[in-house]
There are 2 protein chains.
Amino acid sequence: MGHVSASVHGEEVVVVRADAVRNREAVVVAAASVLAGSGLNASVAEIADRAGVAKGTVFRHFASKDDLVAAVVAGLIDDLAAQAEAMLAGPDALQALHDFLAAGIELQARDQAFCELASTAELVVPGLAERRERLEEVAELLALRARESGAVRAQISGRDVIGLMTAAYQGACATGDPQRWPYFLSLLVSGLRHADT
Amino acid sequence: MGHVSASVHGEEVVVVRADAVRNREAVVVAAASVLAGSGLNASVAEIADRAGVAKGTVFRHFASKDDLVAAVVAGLIDDLAAQAEAMLAGPDALQALHDFLAAGIELQARDQAFCELASTAELVVPGLAERRERLEEVAELLALRARESGAVRAQISGRDVIGLMTAAYQGACATGDPQRWPYFLSLLVSGLRHADT
DNA sequence: ACCTGAACACCGTTCAAGT
DNA sequence: ACCTGAACACCGTTCAAGT
């Protein structure tokens, strides 16, 4: 985390060694790709190997494996939230909601670790709760717009929108063919349009 | 697995020691309750402790932890399949399909290990594939009846029905409130009624 | 200040020694 | 024939020793 090494004009200056910066970044990059491919059970040893550092170095930069996972997944959630914000400007409110759900589903398909976290609602991982809230807020806006446009009859909160993302992809996975997710998504969206829950 | 100990009238007679029978049963019972509560990550040591046997004894009766899990979960799936068969006789085809889905969801809520397996579609566990097929066949009949009754417009296979079970419960879990599953189930069933997929 | 690798407690699994 | 507990390889995590 860096260390106070000097005091200039009364300001504390934090100096971090160059190799430390490089190693931290290498660990994050390696973790991102290993976790995406193998999920949460990927071993720290594999990540350390891929990053070209010793296992101990991973724990110098991140207090635990969970912390490392959180750092990586936080980036993914932020990206998704940014996409969602862009979609708010779209002309068709129902289409925007549908596209957001598809984006979240494709992220689950692309990233095994995100998929597992999205499924178990493991807010256990610290530091992820806030990211999730931001995502829920944008999702709530997308849902509100869709309801106001009259295309959606069902009551639906931001949390529910996240639930739909997970429901569609996990449902498809349970059939043994994850690529079938558009079927489940279309059922859910059709439900949103017609059900009065 | 027992051992040939005698030959009477030319028939081979397999004799199993009484303590072996008792221990095997104790392991299965212990595993059922531990797995239901703690999920697939529950340790063999905990199961052995609860059963009152040494860890090694578990592996004398089951080749691996996965085999033990399969034995326990196979029972759960069989029970669910039996419930489904009973529902085939019901007067309202859509209601029967709905009730079956609810039963599958409640099983996920009650049993953590089943929930995790239903979600990941891990047919990896050997011996479970056949049980699943039987469940899919009954589910297919329930779906067919619902379509023929005219209440359901969407195309839906037995595999899809299983997917709906998982979708509804996992969706609810992702909202942080598993008890919200009826909301997701009603969306999906409403989708089945109206979507033409 | 940071990196490394040996060490620890825990897991699933194996197996020699007991009965 | 079966049970037991010690042993092994693997995991996440810690820490003394190096630079």
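Letters go in sequence order (proteins before strands), and every chain restarts at 1. Reckoned from all heavy atoms, side chains included, excluding hydrogens, waters and symmetry mates.
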Let me know which of B:Leu185, B:Val189, B:Ile156 forms a side chain to side chain contact (heavy atoms under 4.5 Å, CB included) with B:Leu164. B:Ile156
List in chain and number order the residues that pass side-chain hydrogen bond (donor to acceptor under 3.5 Å, both in side chains) with A:Glu140, two or more places apart in sequence or in another chain; answer none if no residue qualifies. none
Not counting sequence neighbours, which residues clear side-chain hydrogen bond (donor to acceptor under 3.5 Å, both in side chains) with A:Asn23? List them please. none
By the side-chain hydrogen bond (donor to acceptor under 3.5 Å, both in side chains) test, which pairs, at least two apart or in different chains, include something from residues 177-191 of chain A? A:Arg180-B:Asp160
Does A:Gln155 have any side-chain contact (heavy atoms from CB on, under 4.5 Å) partners at least two apart in sequence or in another chain, and if so, which? A:Arg147
To the nearest angstrom, the CD-C1' distance between A:Glu46 and D:dC10 comes to 14 Å
Nearest-angstrom distance from the residue atom NE2 of A:His61 to C1' of C:dT4: 12 Å
Nearest whole angstrom, please: distance from the C1' of D:dC3 to the CZ of B:Arg60. 8 Å
Might you point out which heavy atoms bring B:Ile162 and B:Ala139 nearest each other, and give the distance in Å? CD1-CB, 4.4 Å
Here the distance between atom P of C:dC2 and atom CD of A:Glu25, to the nearest Å, is 16 Å
Using whole Å, report how far CG of A:Asp19 lies from C1' of D:dT19. 10 Å
Under 3.5 Å, is there a donor-acceptor pair between the A:Gln83 and A:Asp79 side chains? no
Within the pair A:Asn23 and C:dC3, is there a side-chain N or O less than 4.0 Å away from OP1 or OP2? yes
Between B:Arg17 and B:Val53, the residue closer to the 5' end of DNA chain D by nearest nucleotide is B:Arg17
Roughly how many Å is it from CG in A:Asp49 to C1' in C:dT4, rounded to a whole number? 13 Å
So which protein nitrogen or oxygen atoms get under 3.5 Å of nucleotides 12-17 of chain D's nitrogens or oxygens?
{"unit_1": "D:dG12", "atom_1": "OP1", "unit_2": "A:Lys65", "atom_2": "NZ", "d": "2.9"}
{"unit_1": "D:dG12", "atom_1": "OP2", "unit_2": "A:Val44", "atom_2": "N", "d": "3.0"}
{"unit_1": "D:dT13", "atom_1": "OP2", "unit_2": "A:Lys65", "atom_2": "N", "d": "2.8"}
{"unit_1": "D:dT13", "atom_1": "O4", "unit_2": "A:Lys55", "atom_2": "NZ", "d": "3.3"}

Look at the side-chain heavy atoms of Ile, Leu, Val, Met, Phe, Trp and Tyr, link any pair under 4.5 Å apart, and say whether B:Leu97 and B:Leu144 land in one connected group. no
Treat a base pair as Watson-Crick or G-U wobble with both distances under 3.5 Å, then lay out DNA chain D in dot-bracket form, 5' to 3', with | for cross-strand pairs. ||.|||||...|||||.||
Under the criterion side chain to side chain contact (heavy atoms under 4.5 Å, CB included), which of B:Leu80, B:Leu107, B:Leu188 is the partner of B:Met165? B:Leu80
